[in-house]
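Down below is the structure, laid out as structure tokens.
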2 protein chains.
Amino acid sequence: MAGRNTRTDSLTLEVVELIGTVVARYHEEYERAAGRHALTGAQARVLGLLSLEPLPMRQLAQRLKCEPSNVTGIIDRLEARGLVERRPDPADRRVKLAAPTEEGVRTARSLRDSLDFAREPLASLSRDERVSLRDMLRRMVGVGGGDGD
Amino acid sequence: MAGRNTRTDSLTLEVVELIGTVVARYHEEYERAAGRHALTGAQARVLGLLSLEPLPMRQLAQRLKCEPSNVTGIIDRLEARGLVERRPDPADRRVKLAAPTEEGVRTARSLRDSLDFAREPLASLSRDERVSLRDMLRRMVGVGGGDGD
DNA sequence: TATTGTTATACTCTATAACTATA
DNA sequence: TATAGTTATAGAGTATAACAATA
């Protein structure tokens, strides 16, 4: 172990602050991108999740880390705009699957493409640097294995 | 330039995703830490800002990137809990300075100390790695100069 | 009985617009 | 007249509790 005092050393403090800056930028850009599609951040996040795969309301709440009752309203608003629809689950009639409409899929794709917040700043790093950044982030996030690209 | 297609190459995509994970963790931890003090995220952020220096309501709104009218409510609630107070500005009687009380300062400090979200994961990196992480983040964030530690 | 989704309620944060007191 | 802060209002997200339909 190199740095012993991970709590107070000035190097660590600066890294923490820089990460805070990245986090703030990330959010600003995300909200801005969502706003361009007249969506709130939460609505954009839901649409992004559903564009990967339709989900039961309950699971959606788990992914969002919020109460199921909140999901009802978010889906209501997306449904009112024709971006999402509720489908019955053939296996369990209690369950409702939230799924994006065609327009919802298009919107999600457009949203994803416009998210340059994290991509653009990476342009200033060389490939080797991105590799080492990836490896450090993997360890910070706690990824076990993974291939070497 | 090493990587030419910064938009689609799989390395960059993974880094973007990892950053997204870090951002999500950062927020969860922040909200959790604020919650332990019975504060919302916005209230904790305000208290953190004011613990550095008292600010006019207007400037506070600028830092939070929100409308001044919102700040009124946030400060109202912090003031009702005795964590913040409004002081007159001797130079301009229109201005009100928001400043933390003694208890507010203690709460802000305790809050800051409990924010291990970004610090703890850094423990798995060596000092050299933290240095190179710092340098990359600096460039991503767009810091010009800065010392070399 | 337990679970899924919803409704009802209350609180916080948000933006917009109108207001007040200063400047 | 312009600015600082506030109030009033409305929309969105959040948690809690109670409810209907289904398992």
Side-chain angles (χ1 to χ4, degrees), chain A residues 24 27-50 54-81 83-99, chain B residues 24 27-50 54-81 83-99:
Chain A
H27 263 85
E28 286 166 36
E29 291 282 342
Y30 196 94
E31 291 286 328
R32 194 181 346 264
R36 268 183 249 124
H37 294 270
L39 295 170
T40 66
Q43 289 164 2
R45 219 169 312 131
V46 165
L47 201 53
L49 283 172
L50 297 184
L55 290 171
M57 306 294 278
R58 208 90 187 175
Q59 280 191 40
L60 202 41
Q62 289 171 348
R63 307 270 177 115
L64 296 175
K65 294 182 202 302
C66 75
E67 294 302 313
S69 58
N70 303 325
V71 178
T72 300
I74 299 175
I75 294 295
D76 278 351
R77 290 180 275 273
L78 286 171
E79 196 167 33
R81 291 190 39 192
L83 299 173
V84 160
E85 62 182 9
R86 275 179 246 237
R87 297 181 192 156
D89 180 338
D92 185 337
R93 292 194 311 187
R94 291 174 304 181
V95 173
K96 287 176 190 166
L97 291 168
Chain B
H27 263 85
E28 286 167 36
E29 290 284 343
Y30 197 94
E31 292 285 329
R32 192 181 347 262
R36 266 183 250 125
H37 294 270
L39 294 170
T40 65
Q43 289 165 2
R45 219 169 312 132
V46 165
L47 200 54
L49 283 171
L50 297 184
L55 290 171
M57 305 294 279
R58 210 91 187 175
Q59 279 190 42
L60 202 40
Q62 288 171 350
R63 306 270 178 115
L64 296 175
K65 293 183 202 303
C66 74
E67 293 302 313
S69 59
N70 304 325
V71 178
T72 299
I74 298 175
I75 294 296
D76 279 351
R77 290 179 277 273
L78 286 172
E79 196 166 34
R81 290 191 38 193
L83 299 174
V84 159
E85 63 183 8
R86 278 178 243 236
R87 298 180 191 155
D89 181 338
D92 186 337
R93 292 195 311 189
R94 292 173 303 180
V95 174
K96 287 175 189 165
L97 292 168

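The chains referred to below are lettered A, B, ... by the order of the sequence lines, with proteins before strands, and numbering in each begins at 1.
Atom-to-atom distance recorded for B:Met57:CE and B:Thr72:OG1 is 4.5 Å, nearest 0.5 angstrom. A distance of 13.5 Å separates CD of A:Glu79 from CZ of A:Arg81, quoted to the nearest 0.5 Å. The structure places CG of B:Leu47 at 6.0 Å from CG of B:Leu83, a figure rounded to the nearest 0.5 Å. With values rounded to the nearest 0.5 angstrom, B:Lys96 atom NZ is found 12.5 Å from B:Arg58 atom CZ.
Distances shorter than 4.0 Å separate some side-chain N or O of A:Arg77 from OP1 or OP2 on D:dG13. For the pair A:Lys96 and D:dA21, the criterion of a side-chain N or O lying under 4.0 Å from OP1 or OP2 is not met. Remark: A:Arg93 is not in phosphate contact with D:dA21, judged by side-chain N or O atoms under 4.0 Å from OP1 or OP2.
Rounded to whole angstrom, the span from the CG atom of B:Leu78 across to the C1' atom of C:dC13 amounts to 13 Å. Nucleotide D:dA4 holds its C1' atom 14 Å from the CD1 atom of B:Ile75, rounded to whole Å. As a whole-Å value, the separation of B:Glu85 CD from D:dG5 C1' is 17 Å. Computed from coordinates, the B:Leu47 CG to C:dC13 P distance equals 13 Å when rounded to whole Å. Atom CG in B:Asp76 sits roughly 9 Å away from atom C1' in D:dT6 (whole-Å rounding). Look at NE2 on B:His27: it is 16 Å from P on D:dG13, rounded to the nearest Å. Note: CG (B:Leu60) to P (D:dT6) measures 11 Å, nearest angstrom.
Looking at B:Arg87 and B:Glu85, a side-chain N of the basic residue comes within less than 4.0 Å of a carboxylate O on the acidic one, giving a salt bridge.
Of the residues in residues 31-45 of chain B, those with a non-hydrogen atom less than 4.0 angstrom from any atom of DNA chain C are B:Thr40, B:Ala42, B:Gln43. Annotation: proximity of residues 63-70 of chain A to DNA chain D (heavy atom, distance under 4.0 Å) is found for A:Cys66, A:Glu67, A:Ser69, A:Asn70, numbered in ascending order.
Of the possible donor and acceptor atoms, none in the side chain of B:Arg45 sits under 3.5 Å from a partner among the backbone N and O of B:Thr40.
The shortest side-chain heavy-atom distance between B:Leu60 and B:Leu50 falls under the 4.5 Å cut-off. Using a 4.5 Å cut-off on side-chain heavy atoms (C-beta onward), B:Leu97 and B:Arg86 make no contact.
Using a 4.0 Å heavy-atom cutoff across all strands shown, A:Asp92 reaches sugar-phosphate atoms only and no base atom.
Of the listed nucleotides (C:dT7, D:dA23, D:dT14), C:dT7 has the atom at the smallest distance from the side chain of A:Thr72. Closest to the side chain of A:Arg94, out of C:dT22, C:dT14, C:dA2, is C:dA2.
A donor and an acceptor atom never sit less than 3.5 Å apart when one is taken from the side chain of A:Arg58 and the other from the base of C:dT4.
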Check step by step if side-chain contact (heavy atoms from CB on, under 4.5 Å) holds for A:Val71 and A:Val46. CA-CA 9 Å; A:Val71 178; A:Val46 165; over 6 Å; no
